[in-house]
Colleague: 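Below: one structure in structure tokens.
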There are 2 protein chains.
Amino acid sequence: MNHLFKALSDPTRRRILDLLKDGEMTPGDLYPHFDISKPSLSHHLSLLKQAELVVVRRDGKQLFYRLNTTVLQDLMSWTLDFLSSEDPT
Amino acid sequence: MNHLFKALSDPTRRRILDLLKDGEMTPGDLYPHFDISKPSLSHHLSLLKQAELVVVRRDGKQLFYRLNTTVLQDLMSWTLDFLSSEDPT
DNA sequence: GACATATTTCGAAGATTGTCTATATGATCC
DNA sequence: GGATCATATAGACAATCTTCGAAATATGTC
């Protein structure tokens with residue numbers, strides 16, 4: 001769970017996730033959307049992968065990153081747990 | 001939104017929120033649950049307040065911190081946005 | 001006003017993070 | 001096998017974050 005929150009705490013990484021909403025993308029596709037170097041982008045993708053927010057597949061030379069919504073469901077549960085515990089004192 | 005994610009990215013702060021689920025608490029109440037100094041705890045509370053995850057009221061010498069679930073509803077919306085955009089290609 | 005209690009703010013040390021350039025890996029093509 | 005393209009890893013540096021002890025603020029009591 002800590003990996004997840006750490007991964008989400010950076011704006012660049014959240015923007016990556018936003019872009020992946022429309023379907024899988026390669027680092028090469030993502031790169032022009034950011035003002036950072038390719039290694040930096042790669043590093044962000046690595047953290048997202050560690051947090052299991054994305055999954056990767058390889059096709060030839062390219063890697064395709066795709067959203068993994070499983071962990072986001074965990075985030076939903078985590079959040080709901082607070083909303084349901086609200087004490088209307 | 002960035003303040004929110006940054007605030008949630010620390011385990012100590014998430015634990016504070018957990019403790020506040022059962023109702024409002026003072027820094028003095030929270031302190032024995034952690035292995036950090038009072039200034040550190042105070043700092044975490046300050047970040048949670050900045051992120052609007054908690055609200056504070058004073059009664060005499062004591063400050064009472066309480067969960068503010070409004071922002072957590074925003075987090076829910078943010079998360080749901082991903083789950084609904086899942087593309088079953 | 002002097003003192004005690006509850007909590008925060010200040011200033012600095014150490015750890016973690018984001019970024020870069022340079023180099024390495026993996027896959028394809030000739 | 002060598003060249004090339006796509007991407008990752010290594011190592012270094014600056015910025016940010018967490019933490020602390022010391023000092024400051026706010027409230028209440030005598």
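Labels below follow one simple rule: chain letters A, B, ... track the order of the sequence lines, proteins then strands, and each chain is numbered from 1.
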Colleague: Got a donor-acceptor contact below 3.5 angstrom from the B:Arg14 side chain to the B:Leu8 backbone?
Modeller: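 Confirmed, B:Arg14 side chain pairs with B:Leu8 backbone.
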Colleague: Checking contacts here: which listed nucleotide (D:dA8, D:dT18, C:dT8) is nearest the side-chain heavy atoms of B:Arg13?
Modeller: D:dT18
Colleague: Does the ring of A:Tyr31 carry A:Lys38 above it, NZ/CZ under 6.0 angstrom from centre and within 45° of its axis?
Modeller: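 Yes - A:Lys38 lies over the ring of A:Tyr31, closer than 6.0 Å to its centre and within 45° of its axis.
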Colleague: Establish, with yes or no, whether the OP1 or OP2 oxygen of D:dC20 is under 4.0 angstrom from a side-chain nitrogen or oxygen of B:Ser40.
Modeller: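 Result: yes.
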Colleague: Whether the side chain of B:Thr26 engages the backbone of B:Asp29 through a donor-acceptor N/O pair (distance < 3.5 Å, no angle test) should be reported.
Modeller: yes
Colleague: Remember a base hit wins even if backbone is also touched, and classify B:Pro39 as base, sugar-phosphate or nothing at under 4.0 Å, heavy atoms.
Modeller: base
Colleague: Check this one for me: any side-chain N or O of A:His44 less than 4.0 Å away from OP1 or OP2 of C:dT19?
Modeller: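 Answer yes for this pair, as a side-chain N or O of A:His44 is under 4.0 Å from OP1 or OP2.
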Colleague: The side chain of B:Ile36 is closest to which nucleotide in this list: C:dT7, D:dT19, C:dT17?
Modeller: D:dT19
Colleague: Within 45° of the axis and under 6.0 Å from the centre of the six-membered ring of A:Phe64, does NZ or CZ of A:Arg58 qualify?
Modeller: no
Colleague: What's A:Leu30 touching, base or sugar-phosphate or nothing? Going by heavy atoms closer than 4.0 Å.
Modeller: nothing
Colleague: It should be established whether B:Lys38 places a side-chain nitrogen or oxygen under 4.0 Å from OP1 or OP2 of nucleotide C:dT8.
Modeller: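 No, B:Lys38 has no side-chain N/O under 4.0 Å of OP1/OP2 on C:dT8.
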Colleague: Rounded to whole angstrom units, what separation is found between the CG atom of A:Asp29 and the P atom of D:dC5?
Modeller: 17 Å
Colleague: How many whole angstroms separate atom CG of B:Leu47 from atom C1' of D:dT16?
Modeller: 12 Å
Colleague: So what does B:Phe34 hit on the nucleic acid, given a heavy-atom distance under 4.0 Å: a base, only sugar-phosphate, or nothing?
Modeller: nothing
Colleague: Please report, rounded to the nearest Å, how far the P atom of D:dC17 is from the CG atom of A:Asp10.
Modeller: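 The answer, rounded to whole Å, is 11 Å.
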Colleague: Report the nucleotide, chosen from D:dA8, C:dA6, C:dT17, that has the shortest atom-to-atom distance to any side-chain atom of B:Lys61.
Modeller: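 That would be C:dA6.
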Colleague: Determine: side-chain N/O of A:Tyr65 to OP1/OP2 of D:dA6, distance under 4.0 Å, yes or no.
Modeller: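 False: A:Tyr65 side-chain N/O out of range (4.0 Å or more) of D:dA6 OP1/OP2.
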Colleague: Which is true for B:Tyr31 with a 4.0 Å heavy-atom rule: it touches a base, it touches only sugar-phosphate, or it touches nothing?
Modeller: nothing
Colleague: Base, sugar-phosphate alone, or nothing: which one does B:His43 contact when heavy atoms must sit under 4.0 Å apart?
Modeller: base
Colleague: Heavy atoms only, 4.0 Å cut-off, all strands: where does B:Ser46 land among base, sugar-phosphate and nothing?
Modeller: nothing
Colleague: With respect to the side chain of A:Ser37, which nucleotide from C:dT21, D:dC20, C:dT8 is positioned closest?
Modeller: C:dT21
Colleague: Scan A:Leu63, A:Asn68, A:Leu67 and name whichever one has a side-chain contact (heavy atoms from CB on, under 4.5 Å) with A:Tyr65.
Modeller: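 Passing option: A:Leu63.
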